[in-house]
Amino acid sequence: MAFEGLTERLQQAIGKLKRKGKVSESDVNEVMREIRLALLEADVNFQVVKDFVKDVRKKATGAKVLESLTPAQQIVKIVNEQLTEVMGQEAVPLQKSEKIPTIIMMVGLQGAGKTTTLGKLALKLKNEQHARPLLIAGDVYRPAAIDQLQALGQQIEAPVFSLGTDVSPVEIVRQGLELAQEKKNDYVLIDTAGRLQIDQKLMDELKQITQLAHPDETLLTVDAMTGQNAVEVAKGFNEQLNITGVVLTKLDGDTRGGAALSIRAVTGKPIKFIGQGEKMTDLDVFYPDRMASRILGMGDMLTLIEKA
Amino acid sequence: AKSRQTFGDKLNSLLANFRTVDEDFFDDLEETLIESDVGFETAVKISDELRQEVKLKNAKTKQAVSEVIIQKLIELYEQEGADEDAKLHFATDGPTVFLFVGVNGVGKTTTIGKLAYQLKKTGKRVLLAAGDTFRAGAIEQLAEWGRRVEVPVVQKPARSDPASVVYDAVKRAKTEKFDVLLVDTAGRLQNKVNLMKELEKISRVITREIPTAPQEVLLALDATTGQNALTQAKQFKDVTPVSGIVLTKLDGTAKGGIVLAIRNELHLPVKLVGLGEQLDDLQNFDPEKFVAGLFGGLLQSTDADQQQE
Ligand SMILES: Nc1nc2c(ncn2[C@@H]2O[C@H](COP(=O)(O)OP(=O)(O)OP(=O)(O)O)[C@@H](O)[C@H]2O)c(=O)[nH]1
Ligand SMILES: Nc1nc2c(ncn2[C@@H]2O[C@H](COP(=O)(O)OP(=O)(O)OP(=O)(O)O)[C@@H](O)[C@H]2O)c(=O)[nH]1
Ligand SMILES: [Mg+2]
Ligand SMILES: [Mg+2]
């Protein structure tokens, strides 16, 4: 609905190529411009778009797409392949520690979906591996963050470790890990407060937790609706905490989710899961090819290829 | 730091570095606008208009082009917002009701806490309604804000019908003569039909009890959201009479370009801005101050350029 313009534009550009049979350099420029606009419209970071379009152009030229009989289809194919490739070809599973417990820490901006995703992940581990996770309430700042985690813990029947809001998160994690050792929990999931990547004091706190807990997974949780800012956020968290993966939330909305491409391009870290709702079962594995289709509005693109 | 570059800074460096006014320049300009989250359509519209304008005025020198661009931007901004009303409206008689709506996690509940604090400081008697009965810990979160600010909160157990919580709150606001009732609602994505219907119902309940209420329906938008912010505003407008925007988390981005997009494409006034998580991190939106912040650096540096020449 909001993206009809794109479909029409592509149809026009591709239609023109097709009618001509032979394609000139300026025709290709026009198609590249449409691709560029499509990606920008999907919220892919402008710098990432620039590099991406350059690569597509190179591939298109190398493959002599211009001289082929079906240039439009070929360009679309190249774009889709390139997008899937940048986003990492295959789904990457969660790390598992050789010795229990496997420690997973959620980090990210305020309101991104860390606490909710933590609950979902714990439930997934319980269902798929009969895991016995312990949840650690490490957010002492947001009002009622602990109540929220406890309510989720109750829903999914997983224990929550909390020391209230008067103890530092580092100390809470230390004692939580001790309890996990004692109870032989196989997974520990640490909830942390939302913070800006430029908030040095709070970022240092996360570094301290990292040094103490050595998480097997530090998962950056990002709202799929994020705009151009996604690059700065992902860079900031990755440079300071060396994240191991990304969770993209709120994809049940109608965003195109171009942030996925931006984050992947600037961090090189895999997107592992996507959040598709508020329920505890609404967590899915990330598939790069599906995300590529979504960013491009590929349902449309496939019809275009067939029509062309 | 580089990440805190404002829109003005970025335009400045673009204007400082261009050699010739060609298509590449306008592509770069478009990107600068997009990078500032002005929204895609707005960016294209602005750069198209600027392209025309530069041609029309036959601007060739760096100085002339810069001036045309800055002038045009300010003109656009002011023209689009000409009859916008950024004030919060209060009832002349009986309780005022503000309804807060928006997608998940944007900052509705926090904004209510901050606004309650502000209003209380001005001597108003404030009541809060815990209309988010769905999200885990949502009621406790609002209750905690109520404790901090020392204002009462109307609440029912989790999973109760939100419309009935709101009904009780409106009744209480009337009988106990509160000045302002701030109604929290659960976050909902704009494409969820049933949840949007529920919101419509909440809004209806308020109006049934107080025909002139809600005096404000405030849509909270996260300033770091991309293109989807516009869809959000459009869809929420369709089910509730959105009267203004609360732009939250503006401390997390120096871009602020979204304000241009909102003006340009939605004609909804920004009424409040959120600048952090603390009690006093809420400000009234001052369009003039904002424009100064957005373009201020720009104007100064062209003045400086002029003096150099
Ligand atoms: N629709 C939808 N909502 C989600 C999803 N993930 C989280 N949410 C909602 O987003 C809001 C914020 O989620 P939280 O889990 O509280 O986010 P957080 O990152 O822990 O927030 P802070 O602790 O305040 O930084 C809540 O309303 C969640 O229900 C998702 O995948 N889809
Ligand atoms: N940095 C910053 N954080 C904010 C601001 N406003 C709210 N937050 C944080 O964003 C997170 C989400 O805020 P909430 O008030 O819970 O958002 P909500 O819209 O009520 O969320 P749901 O009810 O889950 O849909 C919390 O961690 C808040 O502290 C702001 O202006 N700046
Ligand atoms: Mg949280
Ligand atoms: Mg809320």
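In what follows, chains are A, B, ... by sequence order, proteins preceding strands, each numbered from 1.
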Sorted by number, residues from residues 182-191 of chain B in contact with chain A (heavy atoms, under 4.5 Å): B:G187, B:L189, B:Q190, B:N191
Over 12 foreign heavy atoms within 6.0 Å of CD, B:Q278: no
Over 12 foreign heavy atoms within 6.0 Å of NZ, A:K207: yes
Partner set under side chain to side chain donor-acceptor pair (under 3.5 Å) for B:T248, not counting sequence neighbours: none
Side chain to side chain donor-acceptor pair (under 3.5 Å) partners of A:Q200, counting only residues at least two apart: A:D204, A:Q240
Intermediate values then yes/no, side-chain contact (heavy atoms from CB on, under 4.5 Å), B:D27 and A:R36: CA-CA 11 Å; B:D27 277 355; A:R36 173 176 163 272; 4.2 Å; yes
Expected output: side-chain A:N229 to main-chain B:T224 donor-acceptor under 3.5 Å: no
side-chain contact (heavy atoms from CB on, under 4.5 Å) between A:M225 and B:Q227, intermediate numbers included: CA-CA 8 Å; A:M225 296 176 272; B:Q227 297 296 301; over 6 Å; no
A:Q228 vs B:I34, side-chain contact (heavy atoms from CB on, under 4.5 Å): CA-CA, chis, key distance, verdict: CA-CA 8 Å; A:Q228 296 290 315; B:I34 285 168; 3.7 Å; yes
Pair A:E278 + B:K192: basic N to acidic O under 4.0 Å: no
Within residues 145-168 of chain A or reaching into it, pairs that qualify as side chain to side chain donor-acceptor pair (under 3.5 Å) - sequence neighbours excluded: none
Name of the residue among B:E31, B:E30, B:E35 meeting salt bridge (charged side-chain N to carboxylate O under 4.0 Å, His left out) with A:K50: B:E31
